[in-house]
J.: 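One structure coming up, written as structure tokens, with questions to follow.
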Amino acid sequence: MKKYFLATRPWSLPASIMPALVTISFIFFNKAILSQSIEIDWVAAIIALFGAAIFHLSGNLISDYFDFKHGVDSHENIGQTNLTIVDGIIPAKTILRFGIIMMAIGSAIGLYLVARCGMPVLYIGIAGMLLTIFYFFLKANALGDLCILINFGILIPLGTYFCATGVFFPPILYVTIPTGFLVVCILHANNMRDRVNDTKAGVTSFAKVIGTKGSKVYYIGMVIIAYLVVFVNVIFNNLPIVSLIILLSCPIAFANMKKMVKCVEMTDIASLDGESAKLVMIFSLLLSIGNFIAPII
């Protein structure tokens, strides 16, 4: 069972769990100004969080299958994370079947939420499923970053908010988009590191399009913007001032940006995708904690 668990790349789970958690924490903070007629369905919100995580893991498996079949993943990769399929520990077709099973479980959770919360959940779920299924092909045409931003930075927060409140509330994105930007950094670090193998496999990632210098500026810009958006939200009273507790994550952010700036060889950023996932987790946990404790202090 351990090999199947590792095949899902569980270290990447902050990318899906944290946008949902930040959304839930904001609802908790903001519930005092919600309409009296709106009841918060906390159970549905938690189920939505788990559903997003299941879909994410299914996407990892399906993506790994296509990466392997198209020659993107091999023993030549630096920082290889899916050795289970490359080494033949789990056959490629088994990985694909596992991914489909995980997607079926996620779909079942989604259908339950549709029945419990309403049809908009279905539309959001279908959009997320399509982006998950076709992620490899989008990535191969420099659209992977946009796909990830839509899935993790937009659809998960909108879906979680709707499940909790029954309201479609786009302004939630003002609060959750910083996490979305940092999630994109995970992918971008991975794609910058893997540009050589991607090129050999005929994959044109966004990192390849903008080159090394552009990738460095892009990564650093995304990290800085994530922090600035939280500051702007505090200034406009969308978030409590205690949200600035996110500054405690700055040492991780600075270390990641420094590693990107000083990158000469791709081995220099071999683990930057994992370290970027760590930043997503710490940053988002701190932001959520700020939302949860704000009504108390």
Side-chain angles (χ1 to χ4, degrees), residues 5-28 45-61 63-64 79 81-82 102 106 109 128 131-132 135 144-145 147-161 172-173 175-193 219 222-227 229-230 243 245-257 259-260 269-292:
F5 176 70
L6 293 176
T8 64
R9 285 185 275 153
W11 62 266
S12 68
L13 276 174
S16 53
I17 292 176
M18 290 303 139
L21 180 62
V22 171
T23 302
I24 292 169
S25 72
F26 179 75
I27 295 170
F28 180 84
I46 298 299
I47 293 173
L49 183 152
F50 279 104
I54 294 295
F55 257 111
H56 180 193
L57 295 182
S58 74
N60 285 347
L61 292 163
S63 175
D64 282 351
T81 57
N82 59 338
M102 292 289 283
I109 294 172
L131 289 172
T132 298
Y135 168 70
D145 290 38
C147 172
I148 293 299
L149 182 62
I150 293 173
N151 238 348
F152 296 94
I154 297 177
L155 295 180
I156 289 177
L158 287 177
T160 304
Y161 194 98
I172 185 61
L173 301 182
V175 174
T176 60
I177 203 65
T179 295
F181 288 148
L182 294 180
V183 170
V184 173
C185 287
I186 302 174
L187 172 71
H188 196 71
N190 179 281
N191 288 346
M192 182 178 173
R193 181 194 68 201
Y219 182 95
M222 295 285 273
V223 173
I224 292 173
I225 290 172
Y227 284 85
V229 171
V230 174
S243 296
I245 194 176
I246 60 163
L247 294 176
L248 292 176
S249 66
C250 281
I252 302 172
F254 289 144
N256 288 356
M257 290 189 289
K259 182 168 287 190
M260 179 62 82
I269 54 170
S271 62
L272 187 56
D273 52 353
E275 290 158 2
S276 298
K278 180 180 178 181
L279 176 60
V280 170
M281 182 176 68
I282 301 301
F283 175 97
S284 302
L285 276 175
L286 290 170
L287 182 57
S288 298
I289 289 170
N291 285 333
F292 282 129

J.: Please report the interatomic distance CG(N191) to CD1(I186), rounded to the nearest 0.5 Å.
T.: 12.0 Å
J.: Just wondering, more than 12 heavy atoms not from F50 lying within 6.0 Å of its CZ?
T.: no
J.: First locate atom CZ of F181, then atom CG of D145, and finally report the distance between them rounded to the nearest 0.5 Å.
T.: 12.0 Å
J.: Would you say I150 and L131 make side-chain contact, with heavy atoms under 4.5 Å?
T.: yes
J.: Go through the steps for I245 and L286 under the test side-chain contact (heavy atoms from CB on, under 4.5 Å), then give the verdict.
T.: CA-CA 6 Å; I245 194 176; L286 290 170; 4.0 Å; yes
J.: When rounded to the nearest 0.5 angstrom, what is the spacing between SG in C250 and CG in L247?
T.: 5.0 Å
J.: Give, for atom CZ of F283 and atom CG of L248, the distance between the pair rounded to the nearest 0.5 Å.
T.: 12.0 Å
J.: Could you tell me the separation between the CG atom of N256 and the CG atom of D273, rounded to the nearest 0.5 Å?
T.: 10.5 Å
J.: Report the distance from atom OH of Y227 to atom CD1 of I246, rounding to the nearest 0.5 Å.
T.: 6.0 Å
J.: Closest approach of G153 and L173, non-hydrogen atoms and distance?
T.: O-CD2, 3.6 Å
J.: Using the side-chain contact (heavy atoms from CB on, under 4.5 Å) rule, take S16 and F152 through it: C-alpha gap first, then chi angles, then the decisive distance, then the call.
T.: CA-CA 6 Å; S16 53; F152 296 94; 3.7 Å; yes
J.: Side chains of P10 and F5: closer than 4.5 Å at any heavy-atom pair?
T.: yes
J.: Yes or no on side-chain contact (heavy atoms from CB on, under 4.5 Å) for H188 and S276, after CA distance, side-chain angles and deciding distance?
T.: CA-CA 10 Å; H188 196 71; S276 298; over 6 Å; no
J.: Would you name the heavy atoms of L182 and M222 that are closest together and state the gap between them?
T.: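 So the minimum-distance heavy-atom pair works out to CD2-O, 4.5 Å.
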J.: Which pair of heavy atoms, one from T132 and one from S58, lies closest together, and at what distance?
T.: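 Heavy atoms only, the tightest pair is CG2-OG, 4.4 Å.
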J.: Check the pair M102, L61 against side-chain contact (heavy atoms from CB on, under 4.5 Å), reporting the backbone distance first and the verdict last.
T.: CA-CA 9 Å; M102 292 289 283; L61 292 163; 4.0 Å; yes
J.: To check you understand the geometry: which heavy-atom pair defines the closest contact between W11 and G274, and what is its length?
T.: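 Of all heavy-atom pairs spanning W11 and G274, the closest is CZ3-CA, 3.8 Å.
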J.: Does the side chain of K278 reach to within under 4.5 Å of the side chain of I252, using non-hydrogen atoms?
T.: yes
J.: Between S12 (side chain) and R9 (backbone), is there a donor-acceptor pair under 3.5 Å?
T.: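 Yes, S12 side chain to R9 backbone: donor-acceptor pair under 3.5 Å.
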J.: If you look at every heavy atom in V223 and A253, which pair is closest and at what distance?
T.: CG1-CB, 3.9 Å
J.: Do M18 and L285 touch side chain to side chain, with heavy atoms closer than 4.5 Å?
T.: yes
J.: Do V175 and V229 have side chains that approach each other closer than 4.5 Å (heavy atoms only, starting at C-beta)?
T.: no
J.: Taking all non-hydrogen atoms of both residues, which atom of S25 and which atom of S288 are closest, and how far apart?
T.: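 Nearest heavy atoms, S25 then S288: OG-CA, 3.4 Å.
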J.: Measure the shortest side-chain to side-chain distance between L21 and S284 over non-hydrogen atoms and say whether it is less than 4.5 angstrom.
T.: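 Counting from C-beta outward, L21 and S284 never come under 4.5 Å.
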J.: Determine whether the side chains of T23 and T176 contain a donor N or O and an acceptor N or O closer than 3.5 Å.
T.: no
J.: Going by heavy atoms in the side chains, are F26 and L287 under 4.5 Å from each other?
T.: no
J.: Could you check if a side-chain atom of M257 sits within less than 4.5 angstrom of a side-chain atom of I224, using non-hydrogen atoms only?
T.: yes
J.: Consider side chain to side chain contact (heavy atoms under 4.5 Å, CB included). Of L49, T179, V280, which one does P19 pass it with?
T.: T179
